[in-house]
Amino acid sequence: MRPSELYPDDLVFAHEAEAATGVPKAVIRQWASRGRIQRFQGDARQYSGQGHEYKTMYALPEIRERAAAYRPTPQRAPKAA
């Protein structure tokens, strides 16, 4: 089955998913590499240009589902000397 049959209007690139959900692109890529969300092959010929080549797409419904429980981890400040 092709990804366009699964999510005909909801396949997005990482930067689009970040804009829609507020989850950073790095976290979305991490979820995909850990198998928590699916990763789909995009058509780079359609979206390449101006130094960008978008190749990987994600299903926005899956990201929204995980984003509901996502809480960013606070970064630690460097220790004062």
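Count residues from 1 along the sequence.
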task: For R39 and R29, work out which heavy atoms get closest and say how close.
output: NH2-O, 4.3 Å
Residue E65 excluded, over 12 heavy atoms near CD under 6.0 Å: no
query: Roughly how far apart are M57 CE and E16 CD, rounded to 0.5 Å?
result: 6.5 Å
query: Do you know the tightest heavy-atom contact between I28 and A17?
result: CD1-CB, 3.6 Å
- prompt: Roughly how far, to the nearest 0.5 Å, is the CD atom of Q30 from the CD1 atom of I37?
  reply: 10.5 Å
- request: Ignoring hydrogens and angles, tell me if any N or O in the side chain of E62 forms a donor-acceptor pair with the backbone of Q38 under 3.5 Å.
  value: yes
message: Is there a path of hydrophobic side-chain contacts, each under 4.5 Å between heavy atoms, that joins Y58 and Y70?
response: yes
message: Within this structure, what is the CG-CD1 distance for the pair D10 and I63, rounded to the nearest 0.5 Å?
response: 10.0 Å
message: If you compare all heavy atoms of T21 against all heavy atoms of R64, which two are closest, and at what distance to 0.1 Å?
response: CG2-CG, 3.8 Å
query: What are the two closest heavy atoms between P24 and E18, and how far apart are they?
result: CA-OE2, 3.6 Å
message: With clusters defined by side-chain heavy atoms of hydrophobic residues (ILVMFWY) lying less than 4.5 Å apart, directly or transitively, does F40 cluster with F13?
response: yes
